[in-house]
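Shown next, in structure tokens, is the structure this report addresses.
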Amino acid sequence: MTTGEKLLASILDAPGASGGRRLFGLLNQELTVVLGEFSLPPYRIRQLESALYRQRVTGLEAVSAWPKDLREKVAAAGFEVGQPRIVETFRSVDGTERYLIAGDDGQTVETVWMPEGDGGDDDDLSEPGPSGYPGQRGWSRGTICVSSQIGCAVNCQFCLTARLGIIRNLSVGEIAGQVAAVLNRQQAEPGRDRINLVFMGMGEPFLNYDAFMGAVRLLAGAMGIPESRMTVSTSGIVPGILRFAEEPVRPRLAISLNASNDAVRETIMPITRKWNIAEVIDAVRKVPLRARERVTFEYVLLGGVNDRIGHADEVVRLVRRANFPAKVNLIAWNPGPDVPFTTPGEEDVARFQQRLRQQGIPAFVRRPRGRDIYAACGQLRKTVAPAAGPDLAAIRKI
Ligand code: SAH
Ligand code: SF4
């Protein structure tokens, strides 16, 4: 079998939500192949694509551009839409929602909805939406935090997801499906509402590169979310960054720096021993930036570990030496049970930010969102069971 045939065989074998043959996740050519037995003309495939990704239908009966008998024939042959379903929702006091979404094999995938974004800098190269709109729903724009893997292999010491280890990669359909399911729940429309995507959920996107980029192409094309409103965060997987640099359609890039020198970074992000800060920055330099685009350095502040004023000065030197348009997003560490770090005080965070700004480095503080429901950065760990820790018993499930 060629690689293409193998891919197709795996698509055909993938069970849908109820064991049917899943269409969600497939694009034009793939749809044409899997529906080959019906000899559909190209416009019928385009109608299906539009129903799957623009209207985001959840059943074949809702593909209204198709005649009824065609919908029935395709359903009778065992095909189904198979858009991933939200199976559990946790709602934070701040409006953030965390979802468990059914994966192809009964495992759940984690996704977070943040109305109004997270307060970090928002230079997604798009015009600001009209503030206050759309009234009733209480949000005028929103950010969806998308997972790329179940668990993560990278083992950052401060991250709860790391505790799971890597369970498996997500497929194109499972990655893009998180977005479809959340848009449906929020009744959001990418063409009308200002929706940002951040690939900052569970997992390391650049260690599941093909599925991640496949989902980006689907989301940017068929689903209509401009790639300039997407950001992918990586812990610094150099071969992934180099491939990313060649992509004609790509999200903005964020690098999880988290330390101002290799010695500190090695202790909190062991991946540094494979690719050090200088190697990561050299790779980032190869990414051709769009007009007004900046690379984000994310920096999780860990009390006493990397939040001292000397660390801020080192970050300044590092960003200057990088010599590409960049900004720093500071995140005060979000705690998790049995993770041996402390959250810095507000004054420490403010002091660190000021120090960067005084020296001309754009620096923003990300508001923690949904900490009470374990939805904040680094807290995604499929948390449902109170047994995981006493404070988890209180998480709001709706
Ligand atoms: N794996 C990718 C993307 C997901 S993590 C990466 O690491 O970049 C998204 C961001 O959350 C990263 O910048 C990571 O450093 C940060 N993070 C992880 N655990 C955290 C925690 N407990 N508190 C605050 N931020 C955390
Ligand atoms: Fe993986 Fe990112 Fe967590 Fe590191 S911070 S363990 S790369 S999810």
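Numbering of ligands and ligand atoms starts at 1, following listing order.
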Protein residues having a heavy atom less than 4.0 Å from any atom of ligand 1: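 Lining ligand 1 at under 4.0 Å, by heavy atoms, one finds F158, C159, M200, G201, G203, E204, S233, T234, S235, S256, N258, E298, V300, I331, W333, N334, C377, G378.
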
Side chain D193, main chain P190, donor-acceptor under 3.5 Å: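 Flag not set: sc D193 to bb P190 has no pair under 3.5 Å.
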
Donor-acceptor under 3.5 Å (Q359 side chain, D313 main chain):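 Pair absent, no side-chain N/O of Q359 close to backbone of D313.
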
Can you name the residues that form a side chain to side chain donor-acceptor pair (under 3.5 Å) with R71, not counting sequence neighbours?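 Expected list: none.
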
Name the closest protein heavy atom to atom 7 (S) of ligand 2, giving the residue it belongs to and the distance to 0.1 Å.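 It is V154 CB, 3.5 Å.
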
Report the nearest protein non-hydrogen atom to atom 2 (Fe) of ligand 2: residue, atom name, distance rounded to 0.1 Å.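 I find the closest protein heavy atom is G203 O, 4.5 Å.
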
Cation over ring face, R357 and F364, 6.0 Å, 45°: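 Relative to the ring axis of F364, which defines the angle, R357 lies inside both limits.
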
Supply the atom-to-atom distance R98 CZ to I101 CD1, rounded to the nearest 0.5 angstrom.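 So the gap between those two atoms works out to 11.5 Å.
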
What is the distance from atom CD of Q157 to atom CD1 of I268, rounded to the nearest 0.5 Å?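 With rounding to 0.5 Å, CD (Q157) is 9.0 Å from CD1 (I268).
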
Quick check on contacts: which atoms of ligand 2 are under 4.0 angstrom from a heavy atom of S235?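 Taking each heavy atom of S235 in turn, ligand 2 has 7 (S) under 4.0 Å.
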
For ligand 2, which atoms sit closer than 4.0 Å to a heavy atom of A162?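 In order of number, 6 (S).
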
Does one side chain, of T234 or E204, offer a donor that lies under 3.5 Å from an acceptor on the other?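 Their side chains do contain a donor-acceptor pair, which is all the 3.5 Å distance test asks for.
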
Nearest protein heavy atom to atom 4 (Fe) of ligand 2: under 4.0 Å?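 So far as the 4.0 Å threshold goes, atom 4 (Fe) of ligand 2 is in reach of a protein heavy atom.
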
Less than 4.0 angstrom from a charged side-chain N to a carboxylate O is my criterion; do R308 and E314 meet it?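 Salt bridge flag = no for E314 with R308.
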
For ligand 2, note which part of C152 has a heavy atom under 4.0 Å away: side chain, backbone, both or neither.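 Side chain only.
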
Geometric class of the F206/Y209 ring pair [parallel <30°, tilted 30-60°, perpendicular >60°]: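 Tilted.
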
